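Below you'll find the structure, written out as structure tokens, and then a few comments.
Fair warning: this is a prediction, and the values are worked out from it, not measured in the lab.
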Amino acid sequence: MSEFRIVYGFHAVLSRLRQHPESVQEICVDKSRADARMQDLLAVAGQKGMRVMLMERARLDGLAGNSRHQGVLARVADIPMPYRDIHDVLENLSEPALLLVLDGVEDPHNLGACLRVADAMGAHAVIAPKDRAAGLNATVRKVACGAAESVPFLSVTNLARTLRELKDAGVWLVGAVAEAEHDLFSAKLAGPLALVLGAEGTGLRRLTAETCDALVRIPMLGTVESLNVSVASGICLYEARRQRNQAEHAA
């Protein structure tokens, strides 16, 4: 069995080239594309000394397993992670922890989007259970637009136990549920924090919700009753980052 796997899409391939060029075996591109975006990617590949294979689009479809590769994919090796568990992440922080915990998010597009907003808001890690949840795959990496390479993703065997470990480490757990009494904007989010969100429709599992220190709801001012988990994650992380910036300026 090959030790290499496929990463596809411009953002995912460029991110891997720029951050971990040593892990890239080769790049395969659609021979019919000669636009500026492709030329930029080929220029970066040339700077890194990468081998580039020109292929028919149908062959790329077969390698990627779908037709959403944008005409570019790479064979890459897994990158050894500098952490083994959440404690490794917490020990290397220079500011209060800001974590995103996803409970039962099974759609890889949602996970990829969550990683993207986590990167944008400076979250230190995304945590999810191994069972009944999406893991990192080519679709996740493409949707994440490079964030899967920059945000630590921890897939844990027992989410409830991991949440208890976070509490023991002084991290405040705030779960988002539609029926919560208090809203997001009244919560104190400036200290060490893990925001815990469930999938749209199912929400947090009972044990996960019970393990949280506080439950909040996102104020909904329109007619829709729920938000996609990646949108909800972005709102919650943004509010946490806003409160942190406000606290720093007031100090």
Side-chain angles (χ1 to χ4, degrees), residues 1-81 100 102 104-120 123 125-155 199-200 228-231 233-234:
M1 181 180 293
S2 173
E3 62 184 33
F4 293 94
R5 58 181 175 76
I6 298 296
V7 168
Y8 59 78
F10 278 98
H11 285 296
V13 173
L14 275 171
S15 177
R16 180 59 72 99
L17 269 176
R18 288 169 172 154
Q19 298 185 45
H20 302 284
E22 74 286 351
S23 71
V24 181
Q25 182 191 36
E26 68 178 6
I27 295 172
C28 305
V29 302
D30 183 348
K31 63 188 299 184
S32 67
R33 283 198 65 162
D35 53 88
R37 195 175 192 188
M38 182 63 77
Q39 293 304 315
D40 289 343
L41 182 140
L42 293 176
V44 174
Q47 293 168 6
K48 303 294 184 181
M50 292 297 160
R51 181 173 67 165
V52 177
M53 304 284 290
L54 302 179
M55 295 183 177
E56 298 288 347
R57 185 173 184 88
R59 189 177 177 193
L60 290 173
D61 292 350
L63 289 173
N66 59 64
S67 60
R68 299 186 297 276
H69 45 72
Q70 300 176 307
V72 57
L73 60 81
R75 290 188 176 97
V76 303
D78 285 330
I79 306 165
M81 293 293 106
L100 177 62
L102 302 175
V105 175
E106 299 181 349
D107 186 341
H109 293 87
N110 282 338
L111 176 57
C114 286
L115 284 165
R116 191 172 181 180
V117 297
D119 176 85
V126 174
I127 303 169
K130 288 182 178 179
D131 296 332
R132 294 186 295 279
L136 289 183
N137 59 25
T139 299
V140 171
R141 293 177 186 277
K142 179 180 182 294
V143 175
C145 296
E149 315 300 330
S150 60
V151 179
F153 177 76
L154 298 176
S155 182
E200 183 180 4
N228 177 279
V229 64
S230 64
V231 174
S233 296

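No option in Val7, Leu41, Leu14 other than Leu41 meets the side chain to side chain contact (heavy atoms under 4.5 Å, CB included) test with Val72. Screening Arg16, Arg18, Lys142 for a salt bridge (charged side-chain N to carboxylate O under 4.0 Å, His left out) with Glu149, the sole residue that qualifies is Arg16. Screening Val13, Leu54, Leu60, Leu73 for a side chain to side chain contact (heavy atoms under 4.5 Å, CB included) with Val29, the sole residue that qualifies is Leu54.
Considering only heavy atoms from C-beta on, Tyr8 stays 4.5 Å or farther from Arg141 through its side chain. In this structure, the side chains of Leu17 and Ile27 come closer than 4.5 Å at one or more pairs of heavy atoms. The closest side-chain heavy-atom distance from Val229 to Cys114 is below 4.5 Å.
Counting all heavy atoms, side chain and backbone alike, Leu115 lies closest to Ala147 at O-CB, 3.3 Å. For the residue pair Ala74 and Val24, the shortest heavy atom distance occurs at CB-CG1, 4.3 Å. Among all heavy-atom pairs drawn from Ala113 and Ser230, the shortest one is CB-CB, 3.4 Å. His11 and Cys145 make their closest contact through CB-CA, 3.4 Å (heavy atoms, listed as atom of the first residue, atom of the second, distance). Residues Ala138 and Ile6 approach most closely at CB-O, 3.6 Å, considering heavy atoms. Ala134 and Phe153 make their closest contact through O-CZ, 4.1 Å (heavy atoms, listed as atom of the first residue, atom of the second, distance).
Going from atom OG1 of Thr139 over to atom CG of Asp107 covers 9.5 Å, rounded to the nearest 0.5 Å. To the nearest 0.5 Å, atom CG of residue Leu136 and atom CG of residue Leu111 are 6.0 Å apart. To the nearest 0.5 Å, the span separating OG on Ser155 from CG on Leu102 amounts to 11.0 Å.
Listed by first then second residue, pairs satisfying salt bridge (charged side-chain N to carboxylate O under 4.0 Å, His left out) with a partner in residues 54-69 read Asp30-Arg57, Lys31-Glu56, not counting sequence neighbours. Sorted by first then second residue, the salt bridge (charged side-chain N to carboxylate O under 4.0 Å, His left out) pairs that include residues 34-54, not counting sequence neighbours, are Glu26-Arg51, Arg33-Asp35.
In this structure, the side chain of His20 does not engage the main chain of Glu22 through any donor-acceptor pair within 3.5 Å.
With sequence neighbours excluded, no residue forms a side-chain hydrogen bond (donor to acceptor under 3.5 Å, both in side chains) with Arg116.
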